**Q** 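Starting off with a structure, shown below.
From a predicted model like this one, the values you see are computed outputs, not experimental measurements.
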Amino acid sequence: MASIVKGTGKFFKNIGTEMKKVSWPTRKEMVNYTIMVIVTVVFLTVFFTVVDLGISRLLKLITG
């Protein structure tokens, strides 16, 4: 049981050590990434909506 507690402590210590090595983005980079994601999501939403409407109208035209 004591080895589990020691192992857990070592695990969390290693997490802290690894987190110090992480290269975090700057605020400006994070804003740019967020804007890119939002623009991409909006574009894909519009694209798939148009495709869906086109396919629906095509099927209605075929089936009458």
**Q** So, taking the atom named CZ in Arg57 and the one named CG in Leu61, what distance separates them when rounded to the nearest 0.5 Å?
**A** 11.0 Å
**Q** Ile55, Phe48: one ILVMFWY side-chain cluster at the under-4.5 Å cut-off?
**A** yes
**Q** Starting from Tyr33, can I reach Val22 by hopping between I/L/V/M/F/W/Y residues whose side chains sit under 4.5 Å apart?
**A** no
**Q** Please say yes or no: joined through hydrophobic side-chain contacts below 4.5 Å, possibly via intermediate residues, are Val31 and Val39 part of one cluster?
**A** yes
**Q** So, the side chain of Glu29 versus the backbone of Thr26: is there a donor-acceptor pair under 3.5 Å, distance only?
**A** yes
**Q** Spell out, yes or no, whether Met19 and Phe11 are grouped together once hydrophobic residues are joined by side-chain heavy atoms under 4.5 Å, including indirect joins.
**A**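 In one cluster with Met19: Phe11, yes.
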**Q** When Thr49 is tested against each of Thr45, Val51, Val46, Asp52 for side chain to side chain contact (heavy atoms under 4.5 Å, CB included), which residue passes?
**A**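 Output: one option passes, namely Thr45.
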**Q** Group every Ile, Leu, Val, Met, Phe, Trp and Tyr by side-chain heavy-atom contacts under 4.5 Å, then state whether Trp24 and Ile15 land in the same group.
**A**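 Shared cluster, yes.
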